[in-house]
Amino acid sequence: MAGGGGGGGVGGGLLENANPLIYERSGERPVTAGEEDEQVPDSIDAREIFDLIRSINDPEHPLTLEELNVVEQVRVQVSDPESTVAVAFTPTIPHCSMATLIGLSIKVKLLRSLPQRFKMDVHITPGTHASEHAVNKQLADKERVAAALENTHLLAVVNQCLSARS
């Protein structure tokens, strides 16, 4: 599922976007008393989803998706009553060969973190990538996502994106 090409962080070789713009990280969300009270139902909101995905590592750079502005809280939509989550992500360049891998990493993080009742839509922000329709089709196809995660090399790369940087 991951695109070919010369990725520096994953596949070696030249970086596609050698000097990306780096954005400031947003502050940590304060935890409210209501969220700590186990007796109060705590619905999942856009900030909670953003907090899950903001620290995913970019496959090419030693930076997070938030620091590269690939993910932003304003591009996360959640309906807890309808059990839906939609995340739009913006690759740093229009021909980014890592777009599918980034989308897959976001999807896997959500699959591992959210209750099974949630239906997830991870897609490229419209108009920001040359192959957005093909990438979105891959990310929406459950069988292709499952097959991609059976590929041990690809799964290792996804896990590397999801692991904490030291």
Side-chain angles (χ1 to χ4, degrees), residues 1-3 7 9-10 23 25-32 34-36 38 41-92 96-129 131-165:
M1 239 176 111
V10 175
Y23 295 78
R25 288 176 50 92
S26 56
E28 296 300 318
R29 177 174 71 154
V31 177
T32 66
E35 290 172 323
E36 289 183 335
E38 295 300 322
D42 183 21
S43 65
I44 294 174
D45 61 15
R47 178 59 196 244
E48 194 167 348
I49 299 300
F50 178 68
D51 285 343
L52 287 171
I53 63 175
R54 65 191 280 197
S55 60
I56 294 173
N57 301 311
D58 181 79
E60 282 195 310
H61 300 282
L63 299 164
T64 66
L65 297 185
E66 178 186 23
E67 290 167 327
L68 290 169
N69 215 36
V70 172
V71 295
E72 299 175 273
Q73 186 177 338
V74 296
R75 298 200 198 299
V76 175
Q77 271 105 37
V78 179
S79 171
D80 193 295
E82 294 174 19
S83 300
T84 59
V85 173
V87 175
F89 67 99
T90 307
T92 59
C96 177
S97 67
M98 298 289 158
T100 308
L101 177 58
I102 291 167
L104 186 61
S105 297
I106 294 168
K107 193 153 197 162
V108 168
K109 179 68 175 185
L110 295 176
L111 284 167
R112 291 179 180 174
S113 304
L114 294 175
Q116 282 189 318
R117 68 182 169 91
F118 277 91
K119 182 177 182 336
M120 283 158 248
D121 170 27
V122 176
H123 60 275
I124 292 178
T125 305
T128 63
H129 193 274
S131 304
E132 74 179 80
H133 298 294
V135 173
N136 289 343
K137 187 174 177 182
Q138 287 181 322
L139 292 172
D141 186 329
K142 288 181 182 178
E143 285 76 25
R144 289 188 77 170
V145 169
L149 297 176
E150 288 175 11
N151 177 321
T152 54
H153 173 71
L154 188 53
L155 184 58
V157 174
V158 167
N159 285 334
Q160 188 179 345
C161 289
L162 299 181
S163 67
R165 290 244 192 254

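In what follows, residues are counted from 1 in the order of the sequence shown.
- Side-chain contact check for Met98 versus His61: every heavy-atom pair is 4.5 Å or farther apart.
- With Glu82 contributing its side chain and Ser79 its backbone, the two residues share no donor-acceptor pair below 3.5 Å.
- Here the side chains of Thr90 and Thr128 are in contact, with some heavy-atom distance below 4.5 Å.
- Side-chain contact between Leu155 and Val108: absent, with no pair of heavy atoms (C-beta onward) separated by less than 4.5 Å.
- Contact of the Phe89 side chain with the Leu65 side chain is not registered, since no non-hydrogen atoms from C-beta on lie closer than 4.5 Å.
- Proximity of a side-chain donor or acceptor of Asp141 to a complementary backbone N or O of Lys137 within less than 3.5 Å is not detected.
- With a 4.5 Å cut-off on side-chain heavy atoms, Ile124 and Val135 count as touching.
- Under the 3.5 Å distance criterion, the side-chain polar atoms of Gln73 are left unmatched by any main-chain donor or acceptor of Ala46.
- Leu149 CG to Arg144 CZ: the interatomic distance, rounded to the nearest 0.5 Å, is 13.0 Å.
- The existence of a salt bridge linking Arg117 and Asp80 is confirmed by a sub-4.0 Å separation between a basic side-chain nitrogen and an acidic carboxylate oxygen.
- Between Ile44 and Ile49 the shortest side-chain heavy-atom distance falls below 4.5 Å.
- When atom types are taken as modelled, the side chain of His129 and the backbone of Ser131 share a donor-acceptor pair closer than 3.5 angstrom.
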Quick one: do Leu139 and Ile106 satisfy side-chain contact (heavy atoms from CB on, under 4.5 Å)? Show the steps, please.
CA-CA 10 Å; Leu139 292 172; Ile106 294 168; over 6 Å; no

Begin from the C-alpha positions of Leu162 and Asn57 and carry the test side-chain contact (heavy atoms from CB on, under 4.5 Å) through to its verdict.
CA-CA 6 Å; Leu162 299 181; Asn57 301 311; over 6 Å; no

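- You'll find the side chain of Thr84 stays beyond 4.5 Å of the side chain of Val78, heavy atoms only.
- A donor-acceptor pair is defined here as one N or O able to donate and one able to accept, closer than 3.5 Å; no such pair exists between the side chain of Ser113 and the backbone of Leu110.
- No side-chain heavy atom of Thr64 sits under 4.5 Å from any side-chain heavy atom of Ile56.
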